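Counting starts at 1 for both ligands and their atoms, following the listed order. Predicted, not measured: the structure shown is a model, and the values here were computed from it.
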Amino acid sequence: MTQNELKEAVGRAALQYVPDDCIVGVGTGSTANYFIDALGTMKGRIKGAVSSSEASVKRLMGLGIEVFDLNTIDKLPVYVDGADEINHQLQMIKGGGAALTREKIVSAVAEQFICIADESKYVTVLGKFPVPVEVIPMARSYVAREIVKLGGHPAYREGVITDNGNVILDVHGWQVTEATKLETELNQIVGVVTNGLFARRRADVLLLGTADGVKTYK
Ligand code: ABF
């Protein structure tokens, strides 16, 4: 199977976690896009969606799925999204698509986080993929210097402005063995909006696309 076929398979498999008549949280990226397309096949059974990016809003609306403002929702049973890396504790690095802040907000509200990924994303130790950090533009250099003190090597993602009007630093060189601690330390740096470690709110379920089919980890 190709990588896209694996992504498509997990996107479809995630439908089993979507209850009837609910509003579903929808992520961002190529794997999430397969989920959105699969959701289109059951759109009559859901009320609509809350989305973590403008790109996903467009795709959902293009399929005729109503998109709600998160502030109008008091219950979100499930959030389905991809990841850049996920470890065996279901902690993740996310934000390669620059949507990390909204992804973290929507996943915080959701009762269940279903991560969908192909097997290339499943790792023992997080960190080969650089950790994205969303930063208020005027704090960029200061935050970069603070990250160096934590042993990271930040690189400015040039030409990218997030949906929230901020910039991204991609931090290389970390072997993330204590993801919750590092996530908290990064959050303490003034000027950081969000970081791409999803450890305090990890996934509840991983649907992993492999050559032997979709495997489920909890
Ligand atoms: C989102 O999309 C992000 O958190 C992550 O950066 C990216 C994964 O993209 P893809 O599914 O295209 O690999 O889930």
Next item on the list: Run the numbers for me: atoms of ligand 1, each under 4.0 Å from some heavy atom of Gly95, listed by number.
Entry: 3 (C), 4 (O), 5 (C), 6 (O)
Margin query: Checking Asp118 against Ser120: is there a side-chain donor and acceptor pair closer than 3.5 Å?
Written below: yes
Note to self: Taking distance alone, with N or O pairs closer than 3.5 Å, would you say Gly96 contacts ligand 1?
What the structure shows: yes
Next item on the list: Indicate whether the side chain of Glu134 and that of Asn164 have a donor and an acceptor atom separated by less than 3.5 Å.
Entry: yes
Check: atom 11 (O) of ligand 1: which protein heavy atom is closest, and how many Å away?
Finding: Thr31 OG1, 2.5 Å
Next item on the list: Please write down residue, atom name and distance for the protein heavy atom closest to atom 7 (C) of ligand 1.
Entry: Asp84 OD1, 3.7 Å
Checklist line | Contacting atoms of ligand 1, where contact means under 4.0 angstrom from a heavy atom of Lys121 | finding: 10 (P), 11 (O), 13 (O)
Next item on the list: Could you tell me whether Lys47 sits above the aromatic face of Phe68, with NZ or CZ closer than 6.0 angstrom to the six-membered ring centre and within 45 degrees of the axis?
Entry: no
Next item on the list: Give the numbers and elements of all ligand 1 atoms closer than 4.0 Å to a heavy atom of Lys94.
Entry: 1 (C), 3 (C), 4 (O), 14 (O)
Next item on the list: Around atom 3 (C) of ligand 1, find the nearest protein heavy atom and jot down its residue, atom name and distance.
Entry: Glu103 OE2, 3.4 Å
Notebook entry, point to check: For ligand 1, is any non-hydrogen atom under 4.0 Å from Ala83's backbone (N, CA, C, O), its side chain (CB onward), both, or neither?
Noted result: backbone
Check: Does Met92 come within less than 4.0 Å of ligand 1, judged by its heavy atoms?
Finding: no
Notebook entry, point to check: Does some non-hydrogen atom of Gly27 fall short of 4.0 Å from ligand 1?
Noted result: no
Check: Identify the closest protein heavy atom to atom 12 (O) of ligand 1: which residue and atom is it, and at what distance?
Finding: Ser30 OG, 2.4 Å
Check: Do NZ/NE/NH1/NH2 and the carboxylate oxygens of Asp37 and Arg59 come within less than 4.0 Å?
Finding: yes
Next item on the list: Mark up the atoms of ligand 1 that fall under 4.0 Å of a heavy atom belonging to Gly82, in ascending order.
Entry: 14 (O)
Next item on the list: Inspect the surroundings of CD in Gln16 and state if more than 12 heavy atoms from other residues, nucleotides or ligands are less than 6.0 Å away.
Entry: yes
Next item on the list: Tell me which protein heavy atom sits closest to atom 1 (C) of ligand 1, plus the residue, atom name and distance to 0.1 Å.
Entry: Thr28 O, 2.8 Å
Notebook entry, point to check: Which atoms of ligand 1 sit under 4.0 Å from any heavy atom of Asp81?
Noted result: 1 (C), 14 (O)
Check: Within a reach of under 6.0 Å around CE of Met1, are more than 12 heavy atoms found that belong to other residues, nucleotides or ligands?
Finding: yes
Notebook entry, point to check: For ligand 1, which atoms have a heavy atom of Gly97 less than 4.0 angstrom away?
Noted result: 6 (O)
Next item on the list: Establish, yes or no, whether the cationic atom of Lys7 lies under 6.0 Å from the six-membered ring centre of Tyr34 and within 45° of the ring axis.
Entry: no
Next item on the list: Could you check if a side-chain atom of Val171 sits within less than 4.5 angstrom of a side-chain atom of Val133, using non-hydrogen atoms only?
Entry: yes
Notebook entry, point to check: Salt bridge between Arg102 and Glu54, side-chain N to carboxylate O under 4.0 Å?
Noted result: yes
Next item on the list: Take the angle between the ring planes of His88 and Tyr122 and call it parallel below 30°, perpendicular above 60°, tilted in between.
Entry: parallel
